[in-house]
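Everything quoted here is computed from the prediction, not taken from an experiment.
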Amino acid sequence: MSAEEASTIQDEAPVEVPQKKGKQGKYRRDKPWDTDDIDHWKVEEFKPEYNPAPFTEESSFATLFPKYRENYLKEVWGHVTRALDKVGVACVLDLVEGSMTVKTTRKTYDPYMILKARDLIKLLARSVPLPQALKILEDGIASDIVKIGNIVRNKERFVKRRQRLLGPNGSTLKAMELLTQCYIMVQGNTVSAMGPYKGLKEVRRIIIDCMNNIHPIYHIKELMIKRELAKDPKLAEENWERFLPHFKKKNTKPQKKKISKKDKKDYTPFPPAQTPSKIDLQLETGEYFMKPKEKEARAMERKKEEQKENSLKRQAERELAYVPPVEDAPKKKKKKSSSSDE
């Protein structure tokens with residue numbers, strides 16, 4: 001190698017080899033239209049322009065209602081029909097069969113509205129008033145019907161635990177509604193709830209735990225603490241487990257005494273001796289063979305003996321009141337000894 005070639009190699013700067021990037025950021029590009037002020041969780045209203053063509057198939061749902069709801073449904077069915085006509089859903093009330101039916105029409109543009117209408121007739125069948133049930137047609141509001149009839153077998157215990165959900169003068173139910181932002185209706189063997197999805201999840205947990213003998217007040221305290229913690233922006237991304245109360249289940253049943261080895265009896269393959277019956281005892285004493293008059297005379301003698309014993313005991317108790325108490329003998333005072341100085 002000549003000196004000129006060596007000098008040219010030294011003058012050239014070292015070329016950096018480009019490092020291969022990972023696949024994670026291969027297709028990621030900056031999005032100038034995606035700013036921080038956009039709420040990605042917002043549910044936008046579904047407008048008729050989004051779906052101009054009618055559905056190809058008809059969807060329908062039907063539900064039965066109890067006999068006592070018939071008069072109320074007849075009165076309010078006109079309002080139900082008008083409310084569902086606005087969203088393009090048809091409804092039928094069959095009083096002979098005792099059922100309500102909702103179905104899509106050519107005017108239906110929102111595919112999810114038929115499910116909302118299904119929830120509406122279910123709530124009406126579960127004694128939810130119409131003004132409250134019509135709120136289910138709004139976006140962001142869902143419903144949940146919790147079946148509680150098959151959780152507790154004992155009828156009295158079931159009634160007591162269902163009453164716990166209401167509380168005195170409905171105070172427990174009102175507290176649950178305020179903390180979860182849900183409407184709750186306790187009716188028969190079911191509990192109907194309406195509200196946001198997060199609140200419905202809490203309501204279901206409280207109801208099932210209440211029927212499993214966990215008082216709702218524990219969950220109410222927990223929800224109150226969570227609501228206060230949510231107001232503090234510093235604790236928004238922290239774990240709240242250290243702030244929440246932990247309630248331990250108390251064992252109210254008396255514990256069985258442990259049997260020591262000394263107390264254990266020896267194993268015997270033979271069963272214990274049979275206790276003598278009343279007839280066996282009469283045969284031993286000979287009373288079984290007595291005549292009825294003799295039995296009565298013997299019973300009278302026993303009664304008189306018992307009366308004598310009782311009268312003697314009472315007389316001894318009365319005489320105790322006249323026995324003078326034992327008095328302590330008076331203590332003799334010690335004479336003071338004259339001092340040697342005197």
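With contacts defined as side-chain heavy-atom distances shorter than 4.5 Å, the pair Leu137/Asp119 does not qualify. Using a 4.5 Å heavy-atom threshold, the side chains of Trp77 and Met100 count as touching. Looking at Phe46 and Asn51, their side chains come closer than 4.5 Å, going by heavy atoms from C-beta outward. When side chains are defined from C-beta on, Pro196 counts as touching Cys182, because their heavy atoms get closer than 4.5 Å. The closest side-chain heavy-atom distance from Leu130 to Tyr72 is below 4.5 Å. A heavy-atom distance below 4.5 Å is found between the side chains of Arg205 and Glu202. The side-chain heavy atoms of Leu95 and Glu70, taken from C-beta on, include a pair separated by under 4.5 Å. Within the 4.5 Å cutoff, the side chain of Leu283 has heavy atoms near those of the Phe289 side chain.
The stretch residues 159-180 participates, sequence neighbours left out, in these side-chain hydrogen bond (donor to acceptor under 3.5 Å, both in side chains) pairs: Arg164-Asn213.
In this structure Lys103 satisfies the side chain to side chain contact (heavy atoms under 4.5 Å, CB included) test together with Glu58, Ser60, Ala90, Val92, sequence neighbours excluded. Asp94 pairs by the side chain to side chain contact (heavy atoms under 4.5 Å, CB included) definition with Val96, Glu97, Ser99, not counting sequence neighbours. In this structure, Phe243 has no ring pair (Phe, Tyr, Trp, His ring centres under 6.0 Å) partners at least two apart in sequence or on a different chain. Lys303 is linked by a side chain to side chain contact (heavy atoms under 4.5 Å, CB included) to Gln307, counting only residues two or more places apart in sequence or in another chain.
Within 6.0 Å of the CD1 atom in Ile279, the count of heavy atoms belonging to other residues, nucleotides or ligands does not exceed 12. For Asp37, the CG atom sits in a packed shell: over 12 heavy atoms of surrounding residues, nucleotides or ligands are nearer than 6.0 Å. Environment of NZ in Lys221: sparse, with no more than 12 heavy atoms of neighbouring residues, nucleotides or ligands closer than 6.0 Å. The environment of CD in Glu49 is crowded: more than 12 heavy-atom neighbours from other residues, nucleotides or ligands sit within 6.0 Å.
Formation of a donor-acceptor pair under 3.5 Å by the Thr101 side chain with backbone atoms of Ala62 is not found in this model. With hydrogens and angles ignored, the 3.5 Å screen pairs a side-chain donor or acceptor of Thr104 with a backbone N or O of Ser59. Side-chain N or O atoms of Thr190 include one that pairs as donor or acceptor with a backbone N or O of Gln187 at under 3.5 Å. With hydrogens and angles ignored, the 3.5 Å screen pairs no side-chain donor or acceptor of Lys107 with any backbone N or O of Pro54.
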Starting from the C-alpha separation in whole Å, work towards a yes-or-no answer on side-chain contact (heavy atoms from CB on, under 4.5 Å) for Asp110 and Val87. CA-CA 8 Å; Asp110 189 354; Val87 292; over 6 Å; no

Go through Leu229 and Lys231 one step at a time and tell me if the side-chain contact (heavy atoms from CB on, under 4.5 Å) criterion holds. CA-CA 5 Å; Leu229 291 170; Lys231 294 176 183 177; over 6 Å; no

Test side-chain contact (heavy atoms from CB on, under 4.5 Å) on Asp85 and Thr81 and set out the steps. CA-CA 6 Å; Asp85 279 343; Thr81 308; 3.8 Å; yes

Step by step, work out the side-chain hydrogen bond (donor to acceptor under 3.5 Å, both in side chains) result for Arg126 and Ser192. CA-CA 7 Å; Arg126 296 313 312 148; Ser192 306; 5.0 Å; no

Please determine whether side-chain contact (heavy atoms from CB on, under 4.5 Å) holds for the pair Glu287 and Arg298, giving the CA-CA distance in whole Å, both sets of side-chain angles, and the decisive distance to 0.1 Å. CA-CA 9 Å; Glu287 189 181 347; Arg298 193 167 183 179; 4.1 Å; yes

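Here the SG-CD1 distance, from Cys210 to Ile214, works out to 9.5 Å after rounding to the nearest 0.5 Å. Atom CZ in Phe55 sits 9.0 Å away from atom CD1 in Ile114 (nearest 0.5 Å). Rounding to the nearest 0.5 angstrom, the gap separating the CG atom in Leu244 from the NZ atom in Lys226 is 6.0 Å. Interatomic distance, CD of Gln181 versus CG of Leu178, reported as 9.5 Å (0.5 Å rounding). Taking CD1 from Ile136 and CG from Leu120, the interatomic distance works out to 8.0 Å, rounded to the nearest 0.5 Å. Taking CE from Met194 and OH from Tyr183, the interatomic distance works out to 8.5 Å, rounded to the nearest 0.5 Å.
Put simply, Ile145 and Leu134 are part of two different groups of oily side chains (I, L, V, M, F, W, Y) that touch within less than 4.5 Å, one to the next. Leu64 and Val102 fall into different hydrophobic clusters, where Ile, Leu, Val, Met, Phe, Trp and Tyr are joined by side-chain heavy atoms under 4.5 Å apart, directly or via other members. Under the 4.5 Å side-chain heavy-atom criterion for grouping Ile, Leu, Val, Met, Phe, Trp and Tyr, Leu93 is connected to Leu84 within one hydrophobic cluster. Hydrophobic clustering of Ile, Leu, Val, Met, Phe, Trp and Tyr side chains at less than 4.5 Å, counting indirect connections, keeps Tyr68 apart from Leu123.
Residues Arg69 and Ala125 approach most closely at CG-O, 4.2 Å, considering heavy atoms. Residues His79 and Glu75 share a closest heavy-atom pair of CD2-O, 4.4 Å. Closest of all the heavy-atom pairs between Leu124 and Val128 is CD2-O, 3.8 Å. Between Glu45 and Tyr50 the shortest heavy-atom distance is O-CE1, 3.5 Å.
Through direct or indirect side-chain contacts shorter than 4.5 Å among Ile, Leu, Val, Met, Phe, Trp and Tyr, Val203 is connected to Val146, Ile148, Ile151, Val152, Phe158, Val159, Leu165, Leu166, Leu173, Met176, Leu179, Ile184, Val186, Val191, Ile206, Ile207, Ile208, Met211, Ile220, Leu223, Met224.
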